[in-house]
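Throughout, protein chains are lettered first and strands after them, A, B, ... in sequence-line order, and every chain is numbered starting at 1.
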Amino acid sequence: MAVKKHTVLPGFGLALGCTVLYLSLLVLIPIAGLLLRATSLSWMEFWEVVTSDRVLASFRISFLASLAAAGLNGVLGLVVAWVLVRYSFPLKGLVDGLVDLPFALPTAVAGISLTNLYSNSGWIGSRLEPLGIQVAYTPLGIVVALTFIGLPFVVRTLQPVLEDLDPEVEEAAASLGANRFQALRRVVIPSILPALLTGVALAFARAFGEYGSVVFISGNLPMRTEIAPLLIMTKLEQYDYAGATAIAVVMLLVSFSVLLFINLLTWWVRRGAARA
Amino acid sequence: MSIQVRDITKTFGAFTALRDVTLEVPPGDLLALLGPSGSGKTTLLRIISGLEVPDSGQVLVHGEDVTDQPLRDRRVGFVFQHYALFRHMTVFENVAFGLRVRPRAERPSKAEIRERVMRLLQLVQLEQLTHRYPSQLSGGQRQRVALARALAVEPKILLLDEPFGALDAKVRKELRTWLRRLHDEIHVTSVFVTHDQEEALEVADRVVIMNEGRIEQVGSPEEVYHHPKTPFVYNFLGNVNLFHSRVENGKAYLGNTLIEVPKTGIHDSREAKVFIRPHLLNIERSQNGRTAFGARILHLNPAGPMVKVELETEWGDNILVELSQDRYRTLGLRKEEYVYVSPKEFQVYAEDYSI
């Protein structure tokens, strides 16, 4: 005899169907196609492409600049989120809205404006140059662009968690004799660490694949400021589709590994908190 | 240790939370700050703790002026209404926190911390739950963890903000009896805030009744309940019937019935208030020469230890009378019946003067 199952949330089958279809069309099938295309190369050829000096240099610059940008966003994003949650000040709504701007702005526009600002004749660049700091057309420029586009990820993941953090908890820590630093380190940071890590991971993933805003400010000097996504573009322009996909596959693996690592770390922090 | 509060005033923008409040808590006392919301009781508690800074006035603990001392140096145990436990720490770590954050020179050894935390957890009867997280505990258990955590730093004084406010009625009752016993055991000077008059009268050695940023009366539960100094206190401590009256020749009018105002000293007044508690009114079948007024029964509620009777007086006011179950059965009351109500005890306040 069939037992009829009742649930108060109807439409599970339909909703799951939509989810699978959507993910397949947008994510799984393109990635599968990418992998398939890469198989047109033999292992030897694949290895040769991805270990060539120019490609390795581009991976290094992409990876390190993204890491630096994500780390910087971790600190700056925390400060911005903290200010937006804890204090009230005039035009707070506007400042809050500004955080989303990097999401909305076409990345090329961001890239061109940043280049203008930071180039040697630019408003900021001309002031930094006498100090011996070059931003545009150096790896530092790449970090600036990647920090710009990654900021909203950290702020927006932290905000709800900080709002949820009762100020009474900090008052409790102070009444128990903790100084400000101890309250932050032992009470506030552990409560928000999982969200902070998630935000940093998202910022990193976004930065690693970023193209539009970087190509203007980086100067694209092979071996020095050429990022991996740009190299893919270059290969495509030379009709070297196999070579382009080979680089893409490596980028995919790196992104996936980093996301996996951060997720494991988040899980470990949560569990570590649950164990201590 | 004693607590003295001198001429404390505190405003939040245009709102005056406390006006010139002066209070003294003798060492070892368990004192209740009682009042409606917005009366300033929590603000006063937070000022004593150092969580809030007064606009003017002083706070002294054990004779020492601590008004400008930062919170973390005051060694004050503070228990928050919503517990404010550290949710990423176990029960044990929560209680140990105050000891762990001490400067190295004053910090007890690991073994000592362990021993002290376990002793406290035994005191609050949670030694079985040391490795649980706050989210795995019931409300009553969380509140006991918060208390153990506050006691771990060996506070000079213990302050509790609506400690049972977020708990259900049954746990509340258990926990307040337990708090009373705990206080008798450890004897640290304690102040707790509540808006529940029953809680204040049952638990505290002394009760401070606050209203609109001022102290209305300070006294033992018995004193404030039986000899309320102001109409507000009378009104706030338990159910009460209010009669608008006037006083002539030492007698007060309840409708057309004259009641003898017992003590002299109350002057004649056009406007007086007579307060009578529901259980201090009697219901009779006949007037029989007593001082009594007529009333019609509107509603009877016999559920509970006392029978609650709602009546409409001959001059049209609604009043509440509480009778014992015995008396209710003897009288055999029914809805819509006309009966006589006589006061056993009452309190008259004429203008600002009371008898």
Side-chain angles (χ1 to χ4, degrees), chain A residues 74 78 81-82 85-90 92 157-200 262-276, chain B residues 42 45-46 48-52 69-104 106-107 131-136 145-162:
Chain A
L78 175 59
W82 184 269
V85 170
R86 278 298 163 88
Y87 308 103
S88 70
F89 49 87
K92 181 172 162 177
T157 40
L158 272 179
Q159 253 176 330
V161 180
L162 281 177
E163 265 158 23
D164 212 31
L165 191 76
D166 193 349
E168 268 192 3
V169 172
E170 285 160 68
E171 290 181 345
S175 80
L176 292 167
N179 59 36
R180 198 69 201 124
F181 173 73
Q182 285 170 318
L184 269 178
R185 194 176 75 79
R186 288 171 177 264
V187 177
V188 178
I189 300 286
S191 315
I192 63 169
L193 196 56
L196 184 64
L197 284 175
T198 306
V200 169
I262 300 244
N263 272 319
L264 282 175
L265 197 65
T266 311
W267 171 81
W268 181 77
V269 165
R270 283 217 175 101
R271 206 176 130 271
R275 206 167 14 88
Chain B
T42 294
L45 192 79
R46 288 174 66 89
I48 297 174
S49 74
L51 285 167
E52 215 82 67
Q69 221 174 52
L71 170 67
R72 66 188 148 89
D73 298 333
R74 287 203 193 181
R75 290 248 316 272
V76 165
F78 199 96
V79 177
F80 293 84
Q81 183 180 0
H82 298 289
Y83 328 121
L85 294 178
F86 307 131
R87 56 189 165 183
H88 60 286
M89 294 184 199
T90 58
V91 168
F92 184 93
E93 286 303 315
N94 262 285
V95 178
F97 184 88
L99 301 171
R100 293 249 158 97
V101 296
R102 282 196 188 166
R104 204 169 293 261
E106 298 163 38
R107 197 185 308 157
H131 295 297
R132 294 274 188 91
Y133 283 86
S135 58
Q136 299 167 308
V145 175
L147 190 58
R149 182 178 69 176
L151 289 173
V153 295
E154 291 171 331
K156 296 178 188 164
I157 54 176
L158 182 63
L159 307 172
L160 307 100
D161 184 10
E162 303 247 6

Worksheet entry | Segment of Arg75(B) engaging chain A (4.5 angstrom heavy-atom cut-off) | neither
Worksheet, complete the sentence: So CG of Asn179(A) and CG of Leu71(B): to nearest 0.5 Å the spacing works out to 12.0 Å
Worksheet entry | Side chain, backbone, both or neither of Ala183(A) within contact of chain B (heavy atoms, under 4.5 Å) | neither
Worksheet entry | Note, Leu165(A) side chain near Arg87(B) side chain (heavy atom, < 4.5 Å) | yes
Response to the item:
chain A shares the most heavy-atom pairs under 4.5 Å, among Arg149(B), Gln81(B), His82(B), with Arg149(B)
Fill in: His88(B) side chain to Arg186(A) backbone, donor-acceptor under 3.5 Å
yes
Worksheet item: By a 4.5 Å heavy-atom criterion (distance strictly below it), what part of Val76(B) contacts chain A: side chain, backbone, both, or neither?
Response: backbone
Item to complete: Against chain A, label Ala152(B) side chain, backbone, both or neither, depending on which of its atoms sit under 4.5 Å from a heavy atom there.
Response: neither
Item to complete: Counting only heavy atoms closer than 4.5 Å, note whether Arg46(B) contacts chain A via side chain, backbone, both or neither.
Response: side chain
Worksheet entry | Nearest heavy atoms of Ala84(B) and Ala172(A), plus distance in Å | O-CB, 3.9 Å
Response to the item:
Cut-off 4.5 Å, heavy atoms of chain A, and the answer for Leu85(B) is backbone
Discussion item. Quick check on Leu193(A) against chain B: is it the side chain, the backbone, both or neither that has a heavy atom closer than 4.5 Å?
Written reply: neither
Worksheet entry | Winner by heavy-atom pair count (cut-off under 4.5 Å) against chain A, out of Leu51(B), Leu99(B), Val79(B), Asp73(B) | Leu51(B)
Item to complete: Evaluate whether atom CZ of Phe89(A) has more than 12 neighbouring non-hydrogen atoms of other residues, nucleotides or ligands under 6.0 angstrom away.
Response: yes
Worksheet item: Rounded to the nearest 0.5 Å, how far apart are CG of Asp161(B) and CD of Glu168(A)?
Response: 7.0 Å
Discussion item. Is Arg74(B) close to chain A through its backbone or its side chain, or both, or neither, when contacts mean heavy atoms under 4.5 Å?
Written reply: neither
Item to complete: List the atom of Val101(B), the atom of Leu176(A), and the distance in Å for their closest heavy-atom pair.
Response: CG2-O, 3.8 Å
Worksheet item: For Phe97(B) and Val187(A), what are the C-alpha separation, side-chain angles and deciding distance, and is it a side chain to side chain contact (heavy atoms under 4.5 Å, CB included)?
Response: CA-CA 10 Å; Phe97(B) 184 88; Val187(A) 177; 3.8 Å; yes
